[in-house]
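Notes follow once the structure below has been shown.
Side-chain atoms are counted along with the backbone in the values below, which use heavy atoms only and exclude waters and symmetry mates. The model shown is predicted, which means the values in this text are computed figures rather than measured ones.
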Amino acid sequence: MGKVTAAILGAALLAVLARLAWTLWMPGDRFAGARPPLTPERGALKRELEADVERLAGKIGERNLGRPQALGAARDFILDAFAEAGLRPERRDYSLAGQTVSNVVAELRGTGHPEQVVVVGAHYDSVHGSPGADDNASGVAVLLSLARHLERYKLDRTVRLVAFVNEEPPDFMRSGMGSLVYARECRAKGEDIRLALVLDGVGYLTEKADSQRYPSALLKLFFPGTGNFLAFVANSASASGLRETVGAFRRHGALRSQGAVMPGSSGAWSDQWAFWESGYPGVLLTDTLPFRYPHYHTAQDLPDKLDFEALALLAQALGPTVRDLASSTNR
């Protein structure tokens with residue numbers, strides 16, 4: 001091998017390693033200890049989350065365009081929960097397949113820079129044939145917890161809580177997808193969305209060995225084989241927001257976490273994709289769903305499968321995390 005060829009290969013290898021480091025590096029110390037004991041405050045939060053998941057995935061059950069009454073019941077439950085939390089929720093209706101469907105929006109107005117917006121969202125529909133406890137009553141329950149408890153924090157930027165309709169197939173990545181309708185509305189109005197944090201499937205953590213799979217075999221070299229962590233995922237354009245989110249969560253959370261910048265569309269598993277498509281930064285927070293959860297998109301995705309202690313730890317940490325993201329010192 002000639003010196004020139006060796007130099008070129010060496011430079012290429014360094015470039016690959018630098019790109020890999022940029023993709024995988026996240027700020028903050030990863031939590032690695034035992035979970036803290038259940039406190040009375042977190043016990044009450046756990047019961048609140050259990051009740052919300054049971055309402056959506058138990059009493060209401062499967063909720064989608066094929067079961068419009070159930071989809072409407074889920075929407076109305078979220079509207080009522082936002083209102084009971086002291087917010088003023090809005091229905092954002094649109095027509096799809098001859099039906100009226102709705103995103104639900106509630107806002108906590110920022111006191112310093114209210115024109116700058118942090119969106120926290122979760123889809124409330126479930127796939128056909130599934131009651132959708134993890135996917136995604138778990139995300140909606142955490143969203144409702146934020147609605148009840150965020151007012152204790154002073155927010156510099158506006159925080160907008162959004163429950164999206166029609167994330168699941170057949171509308172995923174199509175014009176009827178609720179988050180895409182919403183993100184396009186925001187773009188058309190010129191809204192300054194600094195970050196969209198999407199919660200999708202956040203209720204299943206396990207200590208079972210070899211429980212974690214990945215979309216690429218390469219990722220197995222860098223991430224755990226046990227599915228006992230929450231994952232934060234973003235595209236390259238959202239890398240800054242991803243690192244801010246992971247850093248804030250690690251300051252406040254007592255759960256294991258991993259983060260990665262996924263190239264192209266490889267991380268487009270949920271509603272954050274709609275914000276990417278609309279030119280906004282978006283981050284997905286997830287338990288990785290099909291790469292871990294054995295009941296994904298099945299009739300067995302029921303409330304009794306979820307880890308509500310972990311869900312309470314997440315909800316408890318997410319309040320100060322969102323407060324930090326809503327600080328104008330971030331970007």
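R42 places a side-chain heavy atom less than 4.5 Å from the side chain of P36. Considering only heavy atoms from C-beta on, E167 comes within 4.5 Å of D125 through its side chain. The closest side-chain heavy-atom distance from L79 to D76 is below 4.5 Å. The shortest distance between side-chain heavy atoms of L146 and V120 falls below 4.5 Å. Annotation: side chain of R250 is not in contact with side chain of F31 (no heavy-atom distance under 4.5 Å). Two residues are said to be in side-chain contact when any heavy atoms from C-beta on lie closer than 4.5 Å; Y280 and E191 meet this criterion. Here the side chains of D135 and H123 are in contact, with some heavy-atom distance below 4.5 Å. Counting heavy atoms from C-beta on, the side chains of V233 and L242 never come closer than 4.5 Å.
With values rounded to the nearest 0.5 angstrom, D287 atom CG is found 8.5 Å from L306 atom CG. Considering SG of C186 and CZ of F275, their distance stands at 6.0 Å, rounded to 0.5 Å. With rounding to the nearest 0.5 Å, the separation of CG in L144 from NE2 in H149 is 10.0 Å. Between the CG atom of D200 and the OG atom of S138 there is a distance of 7.5 Å, given to the nearest 0.5 Å. Distance check: E168 CD to Y124 OH gives 13.0 Å after rounding to the nearest 0.5 Å. Taking NE2 from H297 and OG from S126, the interatomic distance works out to 8.5 Å, rounded to the nearest 0.5 Å.
Under a 3.5 Å cut-off, the side chain of R213 and the backbone N or O of P290 do form a donor-acceptor pair. N228 places no side-chain N or O within 3.5 Å of a backbone atom of E207 that could act as its donor or acceptor partner. Proximity of a side-chain donor or acceptor of T158 to a complementary backbone N or O of P114 within less than 3.5 Å is detected. Side chain of S238 to main chain of A234: no donor-acceptor pair is present (N/O by atom type, distance under 3.5 Å, no hydrogens or angles). In terms of modelled atom types and a separation under 3.5 Å, the side chain of W276 and the main chain of G282 share a donor-acceptor contact. At least one donor-acceptor pair closer than 3.5 Å links the side chain of T298 to the backbone N or O of Q300. Looking at R63, its side chain does come within 3.5 Å of a backbone N or O of L56 through a donor-acceptor pair. Judged by distance alone, the side chain of S270 and the main-chain N or O of Q272 form no donor-acceptor pair under 3.5 Å. Formation of a donor-acceptor pair under 3.5 Å by the R256 side chain with backbone atoms of L230 is not found in this model.
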Inset, instruction - Could you check F232 against M26 for side-chain contact (heavy atoms from CB on, under 4.5 Å), going step by step and ending with a plain yes or no? - result: CA-CA 10 Å; F232 295 80; M26 296 292 138; over 6 Å; no

Inset, instruction - Please test W269 against F172 for ring pair (Phe, Tyr, Trp, His ring centres under 6.0 Å), starting from the C-alpha separation and ending with a verdict. - result: CA-CA 9 Å; W269 308 334; F172 184 66; over 10 Å; no

Inset, instruction - Take E115 and K189 through the test salt bridge (Lys or Arg N to Asp or Glu O under 4.0 Å) and record every step on the way to the result. - result: CA-CA 12 Å; E115 77 285 356; K189 291 187 285 189; over 6 Å; no

Inset, instruction - Quick one: do V105 and R160 satisfy side-chain contact (heavy atoms from CB on, under 4.5 Å)? Show the steps, please. - result: CA-CA 7 Å; V105 183; R160 199 173 289 162; 3.5 Å; yes

Inset, instruction - Would you sort out whether K305 and D134 count as a salt bridge (Lys or Arg N to Asp or Glu O under 4.0 Å), showing the intermediate values? - result: CA-CA 8 Å; K305 306 301 191 302; D134 192 41; over 6 Å; no

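Salt-bridge formation is detected for the pair D307/R35: a Lys NZ or Arg NE/NH1/NH2 atom is positioned less than 4.0 Å from an Asp or Glu carboxylate oxygen. Look at R148 and D52 and you find a salt bridge, because one of the NZ, NE, NH1 or NH2 atoms lies within 4.0 Å of a carboxylate O, short of that distance. A salt bridge does not link R109 with E151: every distance from a Lys NZ or Arg NE/NH1/NH2 to an Asp or Glu carboxylate oxygen is 4.0 Å or more. With salt bridges taken as basic N to acidic carboxylate O contacts below 4.0 Å, one links D324 and R251. We find that E90 and R92 are joined by a salt bridge, their nearest charged nitrogen and carboxylate oxygen being less than 4.0 Å apart. Looking at E50 and K46, a side-chain N of the basic residue comes within less than 4.0 Å of a carboxylate O on the acidic one, giving a salt bridge.
For the residue pair H113 / D192, no side-chain donor-acceptor distance below 3.5 Å is found, with atom types taken as modelled. Checking D93 against S102 by side-chain atom types alone, a donor-acceptor pair falls below 3.5 Å. Remark: the D301 side chain and the Y293 side chain contain an N/O donor-acceptor pair separated by less than 3.5 Å. In this structure, a donor-acceptor pair under 3.5 Å is present between the side chains of Q258 and R30.
When the side chains of ILVMFWY residues are joined at heavy-atom separations under 4.5 Å, either directly or via intervening members, V119 and L325 end up in two distinct hydrophobic clusters. Hydrophobic clustering places V165 together with L65 (ILVMFWY residues linked when any side-chain heavy atoms are closer than 4.5 Å, directly or through intermediates). V162 and V159 fall into different hydrophobic clusters, defined by Ile, Leu, Val, Met, Phe, Trp and Tyr side-chain heavy atoms under 4.5 Å apart, directly or through other members. Neither L284 nor Y182 shares a network with the other; the hydrophobic side chains, linked directly or stepwise wherever heavy atoms of I, L, V, M, F, W or Y lie under 4.5 Å apart, form separate groups for each.
Aromatic ring orientation, Y214 versus F229: parallel (interplanar angle below 30°, classes split at 30° and 60°).
Stacking of R88 on the aromatic ring of F82 is not recorded, the 6.0 Å distance cut-off and the 45° axial limit not both being met.
Here the shortest heavy-atom pairing between E54 and P303 reads OE1-CG, 3.5 Å. The heavy-atom pair separating A147 from L87 by the smallest distance is CB-CD1, 3.9 Å.
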